[in-house]
Every structure is written in C-alpha cells, then in structure tokens.
2 protein chains.
Amino acid sequence: MTTIKDIAQAAGVGVGTVSRVLNGTGYVSEETRQRVWEAVERFHYVPNGAARTLVTKRSMAIGVVLHDLTNPFVPTLARGIEDEARRHGYTIMVLDTDWQPENELQTVTILRQQAVDGVILVSPAHGELLAGKFQDVNLPVIVVDHGDASGRSHITVDHYHGARKALEWARQQGHSAIGFLAGPRSLRFADLRLRAYLDNIGQTDLPLEEVDQHEELPIARADFLFEQGRLAAETLLRTHPEVTCLFAANDLSALGALRYLAQQGIAVPGQVAVIGFDDIFVSSLVHPTLTTIRQPTYDIGVEAARQLLQRLRHPDQPIEQRVFDLTLVVRESC
Amino acid sequence: MTTIKDIAQAAGVGVGTVSRVLNGTGYVSEETRQRVWEAVERFHYVPNGAARTLVTKRSMAIGVVLHDLTNPFVPTLARGIEDEARRHGYTIMVLDTDWQPENELQTVTILRQQAVDGVILVSPAHGELLAGKFQDVNLPVIVVDHGDASGRSHITVDHYHGARKALEWARQQGHSAIGFLAGPRSLRFADLRLRAYLDNIGQTDLPLEEVDQHEELPIARADFLFEQGRLAAETLLRTHPEVTCLFAANDLSALGALRYLAQQGIAVPGQVAVIGFDDIFVSSLVHPTLTTIRQPTYDIGVEAARQLLQRLRHPDQPIEQRVFDLTLVVRESC
DNA sequence: CTGAAAGCGCTAACAT
DNA sequence: ATGTTAGCGCTTTCAG
C-alpha cells in the first residue's frame with residue numbers, strides 16, 4: 001500500500017508538503033505542487049481515510065438510520081440524501097432498523113464507532129429518544145419525519161392541509177358524501193389527516209378519540225394497508241350507500257379500495273370516485289390511475305442532507321425547521 | 001472524548017489490558033476484566049473506529065455500489081445485504097451511481113478512501129471494468145447481477161429457465177398462440193428471456209439478431225417500460241389477433257399491457273391472458289393480479305453479503321458462483 | 001515556502 | 001496475567 005511517505009520520497013519533498021498540496025492548504029510553490037501531483041498520479045495514490053479521520057476528527061461519512069428500505073418512500077428519500085451528500089464529498093452509511101426499537105438504539109453505538117460526522121433519522125419509531133441519544137454523544141442529528149411535526153423534528157410535511165386539498169378537490173368535482181378510509185389510530189400523521197377530514201365534514205368539535213363511537217360517520221379504519229383498504233371500502237359502501245367518493249388516508253389503502261370496486265364492477269370514478277394520499281410509484285400504474293396527494297419525498301431527502309451538512313459546517317447556527325407543502329395530483333380516479 | 005487511556009486509568013490498568021478485554025484476546029484475569037468493563041460502562045466508552053482501522057486495516061464496513069436505489073429490485077436486495085452484513089458486525093456504505101459510468105468509476109476512489117473491507121456491485125453498467133478496478137486495488141468484490149451470467153459475476157438468476165416455466169404454464173392453461181413483449185435488445189438477460197421464448201415456439205434456430213426481421217412472429221419490443229408495454233400490447237394484438245396470451249419480459253411492461261387491455265374492455269384472462277417476469281411489489285396489487293416469475297431478490301442480497309464476508313474471512317478460498325432458480329407465482333392474470 | 005516532529009487512539013508485540 | 005512501547009498514515013504546529 002502506498003502512503004504519503006512514498007509520495008513524499010518520490011517527489012523529493014517532505015510529507016508535510018504532500019499533505020499541503022493534497023488538501024490545498026498553506027503555501028506551496030507551483031513547481032513542487034506539480035511534482036507532488038505527478039507522483040500521486042503515478043502511484044494512483046489515495047490518502048488513507050482512517051488516518052485522516054483520526055487526526056481531523058472528520059470521517060466525511062454520515063449515518064442514515066431508516067426503518068425499512070423496502071417501504072415505498074424510503075428509497076426515494078434515501079436517494080435524495082445520497083445525491084446531496086455525494087455532491088459535498090460525503091458518503092452515507094445506511095442502517096435499517098426494521099422498525100425495531102432495539103435496533104434503533106444499536107445504531108447509536110455503531111455509528112459512533114464508525115465515527116460518522118452526523119446522522120439523519122428517517123421516520124424513527126422513537127424519534128425523541130433516539131435523537132436525544134445521538135445528541136448526548138455530540139453527533140449532530142436531523143430528524144426527517146413524514147409523520148410528526150412536533151419537538152425536535154426538523155423536516156416534515158403538511159399533512160393537514162394536504163388532506164384539505166384532496167377534500168376540496170373532491171367537492172369541486174361535485175361529491176358531497178365523502179367517506180374516509182382512516183389510518184392507524186394515534187399515529188400522529190394519520191391523526192392529522194383524519195382531523196382534516198373531520199373538519200371538512202363539519203365535525204370540527206369532535207375529538208379524534210370519539211370517532212369510533214360515531215357509526216353514523218362514513219369512516220372505516222384501513223390502517224394504511226392494501227387488504228384493509230379493500231375491506232374498509234366494502235364496509236363503508238354497505239353501511240353508507242350514499243357515499244360517492246372515498247378518500248383514503250394513504251395510497252396503499254386507496255389501491256385496496258380500487259381493487260374492491262373493480263371486483264364489484266363499480267365504475268370509478270363514475271359511480272364511486274377514489275382519492276389517495278402519498279403518490280407512491282404504483283399509483284400511476286393502476287387502472288384507473290389514482291388521484292392523490294404527492295409528497296416531495298426526494299426533495300425532503302435533499303433538504304435533510306443539506307441541513308445536516310450545513311450544521312456540520314456551522315455548528316452553532318440556529319436550527320432550521322422546514323415543513324413541505326403537499327400537492328394534488330389529479331389522475332383518473334377522481 | 002473518552003479514550004482507551006481514560007478507561008485504563010479509571011480501571012487502574014494499562015491500555016493493553018483494556019484493549020484485550022475489549023477484543024476478547026489474550027489472557028485477562030476475571031477480576032480485572034470486571035473492573036475494565038465497569039469503567040467502560042461508566043464512561044459509555046466506545047472505541048474509536050478510525051484508530052482501530054488504522055492499525056488493524058479492517059474497517060468493518062463494506063461498500064454497496066448500486067445503479068439506482070429507486071429501482072424496484074434494489075431496496076429489497078440492499079436490505080438483504082444490510083441484514084446479513086449487520087449480523088456479522090459490518091456496516092454498509094451505499095453509493096448510487098444513477099447508471100452513470102463516470103459515477104461508477106468514482107466509487108473506486110471513494111470506497112478506497114473510506115477504507116471499506118470489500119464491495120458488492122449490484123447490476124453495474126460496466127461490471128467487468130469496475131470489478132477489475134476494485135481488484136486492482138485489492139478490494140474483494142462480489143458482483144450481483146440480475147442480468148448476466150458470464151465472466152466474473154458470481155450471483156445471478158436463471159432467466160432462461162424462468163421464462164420457460166412461464167411459457168409452460170401458459171401452455172398448460174391451454175394457450176397455444178402466445179405473444180411476447182420483449183425487453184431491450186442486447187441486454188443479456190433480456191436476450192435470455194427472448195431466447196427461451198423463441199425456443200418454446202419452435203424457433204430454436206433463429207438467431208436473436210434476426211428476430212426483428214420476422215414480422216410474422218408475435219413479438220413486440222416493450223423495452224421493459226410501462227408505456228412501451230401498453231403500446232406493444234396494442235400493436236401485437238392488432239397484427240396478431242390470434243394471440244390469447246401475452247408474455248412480457250418484465251412486470252412493468254406486463255402492467256402496461258394490462259392497462260391497455262383494461263382500457264379496451266378486453267377481459268383478462270378470459271379473452272387475453274397476461275404473464276409477467278420479476279414479481280415486483282406492484283404486481284400483486286393491480287387488477288387482475290399478475291401471474292409472474294419471481295426473483296428471490298432478498299435472498300440474493302443475503303447471499304451476496306454472505307459470500308463477501310466469507311471471502312474477507314478466508315481470502316484464499318475458491319470463488320463461489322451461484323445461480324438462483326426462479327419460481328412461478330400464479331395469480332389471476334393467467 | 002518547506003522539512004521535521006509531535007501526536008490522533010488504538011492494537012500487537014515484547015517484556016516482565 | 002499485565003504494563004510498556006512502537007507504530008498504523010495522516011495533519012498540523014513549529015522552526016527555519
């Protein structure tokens with residue numbers, strides 16, 4: 001393995017000088033600079049990152065902790081992070097926690113040991129706790145949360161107004177009886193979408209906890225799942241035949257609903273319209289294509305990386321927060 | 001920052017001893033071992049990986065070079081790699097090349113500098129070249145290729161027989177006029193699937209290059225794309241009305257075909273059946289659900305990591321190759 | 001402008 | 001069984 005010493009020798013200079021030209025620091029005469037670069041090229045020399053990290057305390061690597069790579073959002077978001085990080089010479093270490101809290105905690109030790117310069121948490125299960133742990137060991141951390149707008153989270157999206165947009169569109173299309181396929185309970189962003197729905201149908205004062213007791217409301221739990229979406233659509237349309245439009249809390253359950261309607265031979269959007277939330281890749285491929293609310297997933301990734309790198313450069317600048325807007329994507333289903 | 005020295009001092013022993021208990025090497029009396037661990041816990045001490053890497057020449061990190069994280073296969077495969085790597089204490093550095101050859105070459109320098117212990121290339125654009133470059137700098141490399149079974153590639157799948165299985169199933173279902181929605185030309189695994197099709201329809205002697213000149217064959221190029229699949233289905237059914245089954249070279253184009261059929265009100269599989277290849281996530285969500293050939297993507301990832309780690313442990317053992325079988329997944333469309 | 005030297009935190013002999 | 005010491009390859013004073 002060729003080291004800085006070999007280069008110094010080959011170029012007939014001291015190692016200090018080689019280091020200076022490599023890093024572009026301090027003064028080096030044009031001529032020696034040339035000689036050094038020549039030697040570097042000739043030996044295909046690449047500085048040893050570990051040695052560098054040891055002295056500079058910077059590894060040029062950032063950790064990305066995410067709950068599940070195979071979840072539709074995550075790869076897109078991760079790409080945003082990777083692209084932005086790479087642009088600034090950083091490399092990412094990806095840790096998949098598979099939603100397990102114990103795995104989440106493990107990442108602290110792993111990333112500390114790997115000496116990353118900072119970390120991005122993507123929709124962590126226990127964000128507060130985990131972010132705290134990282135801060136305790138002085139690792140700058142950015143929390144990206146498609147779901148939560150509270151506390152330490154710095155990047156998220158405006159679920160409430162996104163849902164409102166969907167509902168307004170549905171009403172513009174002439175739908176007055178709109179059913180809701182709700183997400184899991186007490187998941188914060190599921191709650192925000194539900195709140196938007198309730199407000200839209202005039203149930204401004206109804207607390208979220210009491211929703212289940214009001215069977216007269218056209219709401220069914222689909223828990224963000226395809227199969228549950230299918231079943232919820234069935235239930236809802238049977239108990240509330242007046243409904244002409246289904247608004248699903250996420251695309252996956254909207255797809256389930258679409259499935260049910262197709263099987264029943266119910267025309268979409270002719271007899272029943274469907275509108276989703278998320279705009280996952282699939283939504284443009286099904287028949288009919290799904291009208292939905294799009295999350296700027298890639299941009300969120302870029303923004304997360306941008307903020308982190310910014311923080312690495314200027315550790316004491318105030319923390320930025322950012323809430324992304326959501327946009328309506330009109331397709332065939334509504 | 002607390003170092004091994006602090007621990008040594010706190011435990012009243014030398015740094016060597018601390019190192020020994022941390023790594024479980026050499027003899028240490030039970031009693032001192034205890035004292036050391038106590039100090040470690042008390043200080044929440046985590047060894048500095050960079051320092052360790054510098055002396056041991058092992059970073060416990062492996063590089064994963066992939067062409068596009070957002071490509072349906074990749075996240076699943078990456079998870080397989082990550083899970084297996086983590087099980088053995090390794091962390092992965094993910095580099096996305098976005099199919100750009102110049103980005104691929106860059107990864108060599110980046111990963112060399114980051115001092116990874118080995119690398120996995122996932123369907124690289126220029127696999128031979130890239131693998132060579134890594135080997136030149138003594139980095140063990142495993143090539144995972146959904147597409148190619150030649151040369152240095154160590155892990156791939158049996159496209160030819162997979163396609164044969166699909167076709168045999170179609171014939172068992174009573175289809176004798178089967179059309180083919182082909183992938184891009186001269187992509188090796190696209191070729192293998194096409195070859196399987198030609199052999200199945202009795203065109204054993206027809207060279208792949210001449211396929212386009214034989215318009216009497218029910219073959220249309222769909223280039224693995226959704227939109228092209230839609231168009232190819234249209235063309236094919238118009239020029240070859242006798243066709244009762246469409247076999248698509250990949251799921252995405254099969255989905256496109258499904259789309260066209262739905263728009264035309266053609267019953268699937270009643271009037272025309274469809275069969276795909278890959279089993280991407282979406283395929284089970286569309287209506288009708290897609291019958292297809294499944295690639296064991298996650299397992300391939302695990303296997304790739306397993307082989308790499310194996311090689312890191314025993315550098316001089318012979319290289320393993322592995323070809324995965326493909327399985328037919330029967331759903332509604334055929 | 002540039003060379004020499006002192007570490008960065010750790011492991012792995014080498015003594016004892 | 002354990003303390004001491006010599007580097008690992010690099011950056012960064014500090015002289016000159």
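Naming: A, B, ... by sequence-line order, numbering from 1 per chain. Since we're looking at a predicted model, the values are computed, not measured.
Between A/Phe189 and A/His159, the ring-plane angle classifies as tilted under the 30° and 60° cut-offs.
Applying the side-chain hydrogen bond (donor to acceptor under 3.5 Å, both in side chains) criterion to A/Asp325, with sequence neighbours excluded, gives no partner residue. A/Val40 meets the side-chain contact (heavy atoms from CB on, under 4.5 Å) test with A/Ile7, A/Leu22, A/Val36, A/Trp37, A/Tyr45; sequence neighbours excluded. Applying the side-chain hydrogen bond (donor to acceptor under 3.5 Å, both in side chains) rule to B/Arg20 yields no partners; only residues at least two apart in sequence or on another chain are considered. Under the rule for a side-chain contact (heavy atoms from CB on, under 4.5 Å), the partners of A/Ala85 that lie at least two apart in sequence or sit in another chain are A/Ile62, A/Tyr90, A/Ile92. In this view, A/Ser59 and A/Thr53, A/Ala61, A/Asp117 satisfy the side-chain contact (heavy atoms from CB on, under 4.5 Å) rule, not counting sequence neighbours. Residues passing the side-chain hydrogen bond (donor to acceptor under 3.5 Å, both in side chains) test with B/His88 are B/Glu84, sequence neighbours excluded. Evaluation of the side-chain contact (heavy atoms from CB on, under 4.5 Å) rule for A/Thr76 yields A/Thr297, A/Tyr298, B/Thr70 as partners, not counting sequence neighbours.
In this structure, CD in B/Glu104 is found 7.0 Å from NE2 in B/His126, a value given to the nearest 0.5 Å. Here A/Arg42 contributes atom CZ and A/Thr2 contributes atom OG1; the two are 10.5 Å apart, rounded to the nearest 0.5 Å.
Near DNA chain C, meaning a heavy atom under 4.0 Å away, the residues from residues 27-43 of chain A are A/Tyr27, A/Val28, A/Ser29, A/Thr32.
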Could you write nucleotides 5-15 of chain D as a row of B, S and -, 5' to 3', where a protein heavy atom under 4.0 Å of any base atom gives B, of only sugar-phosphate atoms gives S, and otherwise -? B--BBBBBB--
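The salt bridge (charged side-chain N to carboxylate O under 4.0 Å, His left out) analysis of residues 65-79 of chain A, with sequence neighbours excluded, yields the pairs A/Asp68-B/Arg79, A/Arg79-A/Asp83, A/Arg79-B/Asp68, A/Arg79-B/Asp96, A/Arg79-B/Asp98.
Extent of DNA chain C lying under 4.0 Å from chain A heavy atoms, first and last nucleotide in 5' to 3' order, is C/dC1 to C/dG9.
Axis angle, first five pairs versus last five pairs of the helix from C/dC1-D/dG16 to C/dT16-D/dA1: 40°, rounded to 10°.
Ion pairing of B/Glu303 with B/Arg306 is present here, as a side-chain N (NZ or NE/NH1/NH2) and a carboxylate O approach within less than 4.0 Å.
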